[in-house]
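Some notes on the structure that comes next.
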Amino acid sequence: MEEQVDGSASVDADSEMHSDELGAAIPYRFERTNECAELVAKYSELADGEETEDVVSVAGRLMLLRVQGKVAFGRLVDSSGEIQLFVSAKVAEDFASFSKLSLGDWVGAKGSVVKTRRGELSVKVSEWVLLAKARRSFGDKFHGVSDQDLRFRQRYLDLWANADSRSALQLRSRTISWLRHSLESRGFIEVETPVLHPIAGGATAKPFVTKHNTLDMELFLRIAPELYLKRMVVGGFEKVFEIGRVFRNEGMSPRHNPEFTMLELYQAYADYSDAMALTEELVSGAALETCGSSMIEYQGRELDLTPPWPRETMCSLIAKYAGVDVSPAMEVSEIAGIASKFGIEGEPAWGAGKYVLELYEKTVESELWGPVFVYDFPKEVSPLARPHRNDPDLAERFEAIVAGRELANAFSELIDPQDQRRRFEAQAELKKVGDEEAMSVDEDYLRALEYGLPPTAGIGIGIDRLVMLLANQASIKEVIAFPTLRPEVN
RNA sequence: GCGCCUCUAGCUCAACGGCAGAGCAACGGACUCUUAAUCCGCAGGUUCUGGGUUCGAAUCCCAGGGGGCGCACCA
């Protein structure tokens with residue numbers, strides 16, 4: 001019997017054949033000789049009406065069907081592209097059944113490559129086989145699916161109906177693949193570090209909490225792989241990277257999903273200047289690879305990713321956009337007075353560095369389009385970054401701002417275990433007074449540092465945001481196959 | 001979490017206080033070169049849910065739910 005998943009009327013009656021009969025008729029494999037796009041490229045020179053003797057097999061989903069008496073035209077879509085099926089009652093086996101196929105059915109077809117009189121490259125079908133029945137009907141064949149809720153809740157519908165949705169995810173795959181190969185060719189090796197962390201570290205963010213039953217212990221889904229990757233460097237892996245999912249229990253928006261993909265890389269003997277050079281090479285290279293140019297357009301605005309990118313210190317930007325000279329070396333009361341003029345009301349735990357960051361975020365960040373490296377962050381708000389070689393109140397840290405948002409965060413890594421302990425303790429103090437995102441003291445990580453971390457540069461790049469940029473997508477949901485949604489209620 | 005917008009047939013949308021409709025899909029039929037084919041026929045509804053106002057509610061009001069955008073938080 002046919003299965004009615006939710007009792008909706010959209011399931012076809014399957015009047016011809018019951019589901020189990022249909023299932024028995026479906027072959028276990030299908031020998032395909034060519035993808036659609038291959039054929040389209042190979043036979044582009046065929047003249048209108050020209051027929052070849054070349055027999056091919058194609059497979060895919062039937063997206064359009066025009067039956068015209070004793071001849072039918074179907075649009076077959078596979079993951080490479082599409083090609084027309086030309087089916088004639090004179091030539092094809094079981095023409096009658098073919099003409100009764102529904103949109104959305106999967107078929108495999110064998111036949112010769114021809115170009116129709118009207119100039120459409122086609123496979124002139126001699127044999128065909130049903131590979132899957134679409135028991136629920138395809139939507140509007142012209143408008144496809146546009147309801148956002150439906151598109152993301154039943155993403156398979158969106159992917160099947162909307163070529164743009166497919167191409168965004170294909171671009172994602174090419175981007176990650178290129179990054180991986182690019183890093184490998186630079187001598188980096190890919191590693192995998194734990195997703196379950198006993199202490200959520202490496203970033204300031206609220207974690208998801210879970211529990212291991214046998215160990216009877218609380219664990220956190222990682223908010224960053226940072227501290228484990230630096231342990232790898234301590235272990236002698238001089239150039240490492242990881243591309244993986246991280247989880248942050250925070251708000252959702254067109255730029256935020258609770259789980260997202262981060263590229264983090266660590267390079268021994270390098271500093272944040274090297275990291276800037278590598279960041280711009282990786283991002284512009286990915287653009288060149290996926291878009292064919294390092295000059296791209298994002299949401300109607302031009303974006304030139306060609307290196308080198310401008311570099312601006314945080315304090316100089318505040319001077320430029322807010323017109324005030326501030327520094328993390330100032331007395332807290334003084335900078336708090338300046339900040340209050342911009343509507344920033346501080347908290348007792350804030351030092352001057354925190355005020356500098358807040359001023360930057362309030363007055364500068366939204367004005368930047370980029371690409372630009374904003375560098376020299378206050379040390380106070382950069383608990384894992386090494387102090388600036390020329391200024392004890394700053395850290396050698398930068399963020400890459402591209403298309404008005406943070407794309408990468410990087411620093412010369414803090415290598416001194418004693419300093420790291422003090423920074424952790426300062427964070428723990430913040431946590432005590434209610435900052436849920438503040439870090440905890442990670443004794444195991446401190447012990448690793450005591451064995452010696454060489455000078456190291458580290459970079460984190462938000463992969464989803466990079467793909468959004470390259471795919472010209474405004475929402476992070478577009479570049480994640482299955483974005484987080486509220487549960488469906490009946 | 002707060003604010004604004006939105007939810008009608010499988011899909012895309014009308015109707016905006018007065019008989020719930022169209023196109024596409026599906027189903028039945030005609031048609032030997034179509035391109036969102038065309039033509040004929042048939043069927044399809046808890047108008048997101050629950051209250052309220054009204055002679056009468058898809059439409060107005062209240063509460064709840066889903067989604068979108070903005071703010072906040074963050075990458």
Side-chain angles (χ1 to χ4, degrees), chain A residues 6 8-16 48-49 51 63-75 82 84-92 95 99-105 114-122 124 134-154 157-158 160-162 202-206 223-224 246-264 361 365-366 399-402 405-409 435-437 460-466 468 474-477 483 485-490:
Chain A
D6 61 6
S8 96
S10 66
V11 179
D12 294 350
D14 256 352
S15 54
E16 300 266 322
D48 292 1
E51 305 209 348
M63 294 300 283
L64 225 46
L65 182 62
R66 294 179 286 275
V67 180
Q68 209 162 314
K70 298 281 188 286
V71 68
F73 302 90
R75 176 183 293 170
E82 59 184 62
Q84 179 167 272
L85 297 181
F86 174 56
V87 190
S88 157
K90 275 198 298 196
V91 181
F95 176 82
S99 67
K100 284 183 185 161
L101 287 173
S102 303
L103 300 194
D105 287 348
V114 304
K115 191 165 260 183
T116 61
R117 282 177 228 157
R118 304 292 286 266
E120 185 78 28
L121 188 75
S122 309
K124 189 171 178 181
R135 291 179 176 79
R136 290 170 183 262
S137 63
F138 176 62
D140 189 298
K141 68 187 174 188
F142 182 60
H143 296 100
V145 179
S146 58
D147 181 79
Q148 295 285 70
D149 189 25
L150 187 68
R151 284 188 54 226
F152 294 121
R153 225 172 259 293
Q154 293 178 239
L157 283 183
D158 176 47
W160 133 25
N162 301 321
T204 48
K206 279 173 246 170
I223 55 175
V246 298
F247 308 84
R248 297 190 185 175
N249 205 341
E250 286 166 352
M252 291 165 67
S253 85
R255 287 162 296 282
H256 302 266
N257 198 63
E259 53 179 303
F260 62 101
T261 300
M262 182 112 97
L263 162 65
E264 283 203 9
E361 286 178 352
E365 204 169 34
S366 61
E399 284 185 359
I401 304 295
V402 184
R405 58 183 72 130
E406 184 189 336
L407 184 68
N409 183 14
D435 184 346
E436 288 180 82
E437 292 172 1
I461 296 178
I463 293 297
D464 312 88
R465 289 188 174 180
L466 176 59
M468 284 170 69
S475 170
I476 198 169
K477 287 187 165 72
L485 298 172
R486 281 198 170 83
E488 196 169 8
V489 286
N490 296 322

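A note on names: the letters A, B, ... follow the listed sequences, proteins ahead of strands, and every chain is numbered from 1.
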How many whole angstroms separate atom [atom1] of [X] from atom [atom2] of [N]?
{"X": "Phe73(A)", "N": "rA36(B)", "atom1": "CZ", "atom2": "P", "value": "13 Å"}
{"X": "Lys100(A)", "N": "rA25(B)", "atom1": "NZ", "atom2": "P", "value": "17 Å"}
{"X": "Arg153(A)", "N": "rC48(B)", "atom1": "CZ", "atom2": "C1'", "value": "12 Å"}
{"X": "Phe95(A)", "N": "rC33(B)", "atom1": "CZ", "atom2": "P", "value": "11 Å"}
{"X": "Leu64(A)", "N": "rA37(B)", "atom1": "CG", "atom2": "C1'", "value": "9 Å"}
{"X": "Met252(A)", "N": "rC2(B)", "atom1": "CE", "atom2": "P", "value": "16 Å"}
{"X": "Glu361(A)", "N": "rA72(B)", "atom1": "CD", "atom2": "P", "value": "10 Å"}
{"X": "Leu65(A)", "N": "rU38(B)", "atom1": "CG", "atom2": "C1'", "value": "14 Å"}

Expressed as a whole number of Å, how far does the [atom1] atom of [N] sit from that of [M]?
{"N": "rC27(B)", "M": "rG18(B)", "atom1": "C1'", "answer": "34 Å"}
{"N": "rG1(B)", "M": "rC11(B)", "atom1": "C1'", "answer": "34 Å"}
{"N": "rA9(B)", "M": "rA63(B)", "atom1": "C1'", "answer": "28 Å"}
{"N": "rC13(B)", "M": "rU53(B)", "atom1": "C1'", "answer": "29 Å"}
{"N": "rC31(B)", "M": "rA43(B)", "atom1": "P", "answer": "24 Å"}
{"N": "rG21(B)", "M": "rG28(B)", "atom1": "P", "answer": "25 Å"}
{"N": "rU38(B)", "M": "rC4(B)", "atom1": "P", "answer": "44 Å"}
{"N": "rG68(B)", "M": "rU32(B)", "atom1": "P", "answer": "49 Å"}

Residues in side-chain hydrogen bond (donor to acceptor under 3.5 Å, both in side chains) with [X], at least two apart?
{"X": "Glu82(A)", "answer": "Arg75(A)"}
{"X": "Lys477(A)", "answer": "none"}
{"X": "Glu361(A)", "answer": "none"}

Within the pair [X] and [N], is there a side-chain N or O less than 4.0 Å away from OP1 or OP2?
{"X": "Lys141(A)", "N": "rC24(B)", "answer": "no"}
{"X": "Arg75(A)", "N": "rU35(B)", "answer": "no"}
{"X": "Ser253(A)", "N": "rG68(B)", "answer": "no"}
{"X": "Arg66(A)", "N": "rU35(B)", "answer": "no"}
{"X": "Gln68(A)", "N": "rC33(B)", "answer": "yes"}

Considering non-hydrogen atoms only, spot the tightest contact between [X] and [Y] and give its length.
{"X": "Met63(A)", "Y": "Ala161(A)", "value": "CE-CA, 4.3 Å"}
{"X": "Asn162(A)", "Y": "Val145(A)", "value": "ND2-O, 3.0 Å"}
{"X": "Phe152(A)", "Y": "Pro483(A)", "value": "CD2-CG, 3.8 Å"}
{"X": "Leu65(A)", "Y": "Leu101(A)", "value": "CD2-O, 3.4 Å"}

Just jot down the salt bridge (charged side-chain N to carboxylate O under 4.0 Å, His left out) partners of Asp158(A), sequence neighbours excluded, or say none. Arg151(A), Arg155(A)
With sequence neighbours left out, write down each residue that passes salt bridge (charged side-chain N to carboxylate O under 4.0 Å, His left out) with Glu436(A), or none if nothing qualifies. none
Return yes if a side-chain donor-acceptor contact under 3.5 Å exists between Thr204(A) and Glu437(A), otherwise no. no
Let me spell it out: for each of Phe86(A) and Asn257(A), pick the nucleotide of RNA chain B with the closest heavy atom. Which residue's pick is nearer the 5' end? Phe86(A)
Judged by each residue's nearest nucleotide on RNA chain B, which is more toward the 5′ side, Leu157(A) or Ser88(A)? Leu157(A)
Contact class for [X] (heavy atom, under 4.0 Å): base, sugar-phosphate, or nothing?
{"X": "Lys124(A)", "result": "nothing"}
{"X": "Arg117(A)", "result": "base"}
{"X": "Glu437(A)", "result": "sugar-phosphate"}
{"X": "Gly139(A)", "result": "base"}
{"X": "Val67(A)", "result": "base"}

Nearest to the side chain of [X] - [options]?
{"X": "Ser102(A)", "options": "rG67(B), rC27(B), rU32(B)", "value": "rC27(B)"}
{"X": "Asp149(A)", "options": "rA26(B), rG66(B), rC33(B)", "value": "rG66(B)"}
{"X": "Glu120(A)", "options": "rA37(B), rG70(B), rU35(B)", "value": "rU35(B)"}
{"X": "Ser475(A)", "options": "rG68(B), rC33(B), rC69(B)", "value": "rC69(B)"}

Using the salt bridge (Lys or Arg N to Asp or Glu O under 4.0 Å) rule, collect all pairs that involve residues 63-72 of chain A, keeping only residues at least two apart or in two chains. none
Could you spell out the base pairing of RNA chain B as a dot-bracket line? Use Watson-Crick and G-U wobble contacts where both distances are under 3.5 Å, [ ] for crossing pairs, | for partners on a different strand. (((((((..((((....[..))))..((((.......))))......(((((..]....))))))))))))....
Under 3.5 Å, which protein N or O atoms sit close to an N or O of nucleotides 12-14 of chain B? Give each pair with its distance.
{"residue": "rU12(B)", "atom": "OP1", "partner": "Ser146(A)", "partner atom": "N", "Å": "2.8"}
{"residue": "rU12(B)", "atom": "OP1", "partner": "Asp147(A)", "partner atom": "N", "Å": "2.8"}
{"residue": "rU12(B)", "atom": "O3'", "partner": "Ser146(A)", "partner atom": "OG", "Å": "3.4"}

For residues 246-255 of chain A, run the donor-acceptor check on the side chains, cut-off 3.5 Å, and write out each pair with its distance to 0.1 Å, sequence neighbours left out.
{"residue": "Arg248(A)", "atom": "NE", "partner": "Ile223(A)", "partner atom": "O", "Å": "3.0"}
{"residue": "Arg248(A)", "atom": "NH2", "partner": "Ile223(A)", "partner atom": "O", "Å": "2.8"}
{"residue": "Glu250(A)", "atom": "OE2", "partner": "Lys206(A)", "partner atom": "N", "Å": "3.1"}
{"residue": "Ser253(A)", "atom": "OG", "partner": "Arg255(A)", "partner atom": "N", "Å": "2.9"}
{"residue": "Ser253(A)", "atom": "OG", "partner": "His256(A)", "partner atom": "N", "Å": "3.3"}

